[in-house]
S.K.: 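First the structure, which I've put down as structure tokens, then a few questions once you've had a look.
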Amino acid sequence: MASMIVLLVGTSLAAFLVTRLLQGIYNLTAHPLAQFPGPRIAAASEWYKTWQEVFLSRSWIDVLYELHDKYGEVVRVGPNELHFSNPSAFTDIYNNSNRWDKEGKLYRCFGEDRSSFGYLTYREAKQRKDVMAPLFSKRATIDLQDLVHKNLDRLCKALAARDAAGKSSDMIFGLRCFTLDTITQFCFAKDVEATSAPDFQAPIVVAMDASLAPFVVFRNFELVRKIVFSLPGWFTKMTTPPMAGLVDLQEMLGAQVKEVVRNPSSLDNAPHAIVYHRLLDPELNQATGVPVPGSLYEEAQGLLFGGADSAANTLAAGTLQLLSNPSQYKRLKDEIIAAWPSLHTFPKWEELEKLPYLTAVIQESLRTAPGVPGPLLRVVPPSGARIGNATVPGGTTVGMTTLFVHRSSEIFTKPNDFDPERWLGADSYKLEKWIVAFSKGPRSCLGQNLAMCELYLGFAHLFRRFDLRLEGTRGPEMPWKEAFLPFFAPDKHLRLYCKPVEQ
Ligand code: HEM
């Protein structure tokens, strides 16, 4: 019996290895991408990526930079995947004419398949985004800017209290508490009061951060993701305490979805229009029908993850750059003080938008912060496509990270320098199209107006209300690893002493 089992296992293993070998040989010799440059091992097998980012624990973006240095502007990074480094390729992939699908293996990892972020096809995403878009319009955001001010005021009071106690503040976590409070109120009329957590260690924020590193494993091992996602909440809490906040968040969102589906009239009490007003309106959802509860839940989770980290990271990254350059710091502060003379009367977003230096600082922060540094993978339609200088066959997975545009020396002089001045010259408008932090085309960011409002108001509150001082000495950028979003080294987060100004 035992020998039968050994024989069976041995035969299966041999069959598996032979199949992989044959597949590898095909990938290297006869695959439609066989002529593209890149490491042979990456062309042969997907294990190259897994080896680099899971086993060697390297940031995929570092690998990409290395590969482009060696192989040129288009590299075959997997058997069926190309990555591009030429900024014009970004425009060829992400533009309003293309209706390309998102790539399934990557996007399924988020567990938000039925959401504006997670839908793979243009059609499904467009239907969902069209329903929600009015909530995220510039007009709607202007109307809700008091909510952003209110949450910043709360953050500033917490920063001031810490300073009074002689403590510095972790600005990555502090600012994420602010953006999380804002997005939960903006989208769901729920106040999770993250900013009130001691040391800004709000369980949800801690858990969202803790979920970034496992994401790299999930995108390489789909089975591991499926198993982890299917575990009951209590088990996750018991075995992985840092994820407890995420379980709580999922339970909170799930409970709200249940409540609004069971009792839609509960929405009548909301202080302003929220996503469920639109998603549960049969008139607005005629084409597809009102989303099922699972889809509502996934939408909520997608909005939280989309809405919390990136704006906070961008604010923190820009602030660190300004603190590393005293003349830029002073120029921004002087401009904001002139536009906001009385501390107790908050300025309107529309007024702040007219400030040239603040606007330049925000552009430069969007350019130099990591943003969404993972390649935004798309599938070339069956007709094939011309991308950069390459003719790419249909069915190929293609992608680019925004950083290759933002840090391109072909477009930006001294691309690694934080230089708001570059946005103030007469010709600077020509550079604007190369700010692609929110991506471009039909799958570009739904929340960009809210993000811009948070950036304008966020910089204004921080630089007007405090004298900011770095804890310790450090370089102008925080180290991070790519996990689709950036995962900042916890001991290298920006920490500031925030001393309130008198008036
Ligand atoms: C500075 C802040 C932000 C940056 C840099 C940013 C960046 C991006 C990028 C690059 C994408 C494309 C992702 C992809 O192709 O897979 C995206 C999509 C998205 N973002 Fe943002 N985002 C920011 C803030 C926000 C906020 C505040 C929200 C709040 C609602 C939000 C919601 C979304 C959603 C729902 C999508 C999915 C759109 C789609 O797939 O069609 N984002 N964002």
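All values below were derived from every heavy atom in this structure, side-chain atoms included, with hydrogens, water molecules and symmetry-related copies excluded. Note that ligands are numbered from 1 as they come in the structure, with each ligand's atoms numbered from 1 the same way.
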S.K.: Return the closest protein heavy atom for atom 40 (O) of ligand 1 as residue, atom name and distance.
M.R.: K102 NZ, 2.8 Å
S.K.: Tell me which part of T402 gets within contact of ligand 1: side chain, backbone, both or neither, using heavy atoms under 4.0 Å.
M.R.: neither
S.K.: Applying a heavy-atom cut-off of 4.0 Å, say which part of K440 lies close to ligand 1: side chain, backbone, both or neither.
M.R.: neither
S.K.: Give yes if a backbone or side-chain nitrogen or oxygen of K129 is under 3.5 Å from a nitrogen or oxygen of ligand 1, and no if not.
M.R.: yes
S.K.: Do the rings of F188 and Y276 sit parallel, tilted or perpendicular, given the 30° and 60° boundaries?
M.R.: tilted
S.K.: Over 60° means perpendicular and under 30° means parallel, so classify the ring planes of Y48 and W60, tilted if in between.
M.R.: perpendicular
S.K.: Please compare A311, G307, C445 and report which has the shortest non-hydrogen distance to atom 23 (C) of ligand 1.
M.R.: C445
S.K.: Under 6.0 Å between the ring centres of F404 and H83?
M.R.: yes
S.K.: What protein heavy atom lies closest to atom 30 (C) of ligand 1? Include the residue and the distance to one decimal.
M.R.: F136 CE2, 3.5 Å
S.K.: What are the atoms of ligand 1, with element, lying closer than 4.0 Å to any heavy atom of S444?
M.R.: 38 (C)
S.K.: Pull out every atom of ligand 1 sitting under 4.0 Å from any heavy atom of T314, numbered as shown with elements.
M.R.: 1 (C)
S.K.: Any ion pair linking E53 and K481 (charged N to carboxylate O, less than 4.0 Å)?
M.R.: no
S.K.: Is it true that the side chains of T50 and N220 contain a donor and an acceptor less than 3.5 Å apart?
M.R.: yes
S.K.: Just to verify, what does F215 make a ring pair (Phe, Tyr, Trp, His ring centres under 6.0 Å) with, not counting sequence neighbours?
M.R.: F110
S.K.: Of the options R154, R176, K190, which is the one that meets D181 in a salt bridge (charged side-chain N to carboxylate O under 4.0 Å, His left out)?
M.R.: R154
S.K.: Let me know which of N151, D309, V192 forms a side chain to side chain contact (heavy atoms under 4.5 Å, CB included) with L180.
M.R.: V192
S.K.: Give the C-alpha distance, both sets of side-chain angles, the deciding distance and a yes or no for side-chain hydrogen bond (donor to acceptor under 3.5 Å, both in side chains) between N449 and R139.
M.R.: CA-CA 9 Å; N449 288 313; R139 183 69 257 163; over 6 Å; no
S.K.: Among all protein non-hydrogen atoms, which one is nearest to atom 10 (C) of ligand 1, and what is the separation to 0.1 Å?
M.R.: A437 O, 3.2 Å
S.K.: Considering heavy atoms of the protein only, find what lies nearest to atom 13 (C) of ligand 1 and give residue, atom and distance to 0.1 Å.
M.R.: L376 CD2, 4.0 Å
S.K.: For atom 32 (C) of ligand 1, find the nearest protein heavy atom and state the residue, atom name and distance (0.1 Å precision).
M.R.: G447 N, 3.8 Å
S.K.: Below 4.0 angstrom from a heavy atom of V372, which ligand 1 atoms are there? Numbered from 1 as shown, please.
M.R.: 7 (C), 8 (C), 9 (C), 10 (C)
S.K.: Pick whichever of F484, F438, F186 has a heavy atom sitting closest to atom 4 (C) of ligand 1.
M.R.: F438
S.K.: Give the atoms of ligand 1, by number and element, whose distance to some non-hydrogen atom of Y107 is under 4.0 Å.
M.R.: 14 (C), 15 (O), 16 (O)
S.K.: Note the single closest protein heavy atom to atom 25 (C) of ligand 1, along with its residue, its atom name and the distance in Å.
M.R.: G306 O, 3.2 Å
S.K.: Short list, please: which atoms of ligand 1 are under 4.0 Å from a heavy atom of F117?
M.R.: 16 (O), 37 (C), 40 (O)
S.K.: Under 3.5 Å, is there a donor on one side chain and an acceptor on the other for Y119 and R128?
M.R.: yes
S.K.: For F412, is the NZ or CZ atom of R367 found under 6.0 angstrom from the centre of its six-membered ring and inside 45 degrees of the ring axis?
M.R.: yes
S.K.: Might you confirm whether atom NZ of K105 has over 12 heavy atoms from other residues, nucleotides or ligands at distances under 6.0 Å?
M.R.: yes
S.K.: Taking all atoms of both residues into account, what is the closest heavy-atom pair of L376 and Y107, and its distance?
M.R.: CA-OH, 3.7 Å
S.K.: Determine the sole option in F466, W340, Y456 for which the ring pair (Phe, Tyr, Trp, His ring centres under 6.0 Å) test with H461 is passed.
M.R.: W340
S.K.: Test your reading of the structure: does S439 have an N or O sitting under 3.5 Å from an N or O of ligand 1?
M.R.: no
S.K.: Just distances here: any N/O of S310 and N/O of ligand 1 closer than 3.5 Å?
M.R.: no
S.K.: For ligand 1, which atoms have a heavy atom of I183 less than 4.0 angstrom away?
M.R.: 29 (C), 30 (C)
S.K.: Which of the numbered atoms in ligand 1 are below 4.0 angstrom from a heavy atom of S116?
M.R.: 35 (C), 39 (C), 40 (O), 41 (O)
S.K.: For atom 12 (C) of ligand 1, grab the closest protein heavy atom and report residue, atom and distance to one decimal in Å.
M.R.: R443 O, 3.7 Å
S.K.: Within the 4.0 Å heavy-atom shell around R378, which atoms of ligand 1 are there?
M.R.: 14 (C), 15 (O)
S.K.: Tell me which part of Y119 gets within contact of ligand 1: side chain, backbone, both or neither, using heavy atoms under 4.0 Å.
M.R.: neither
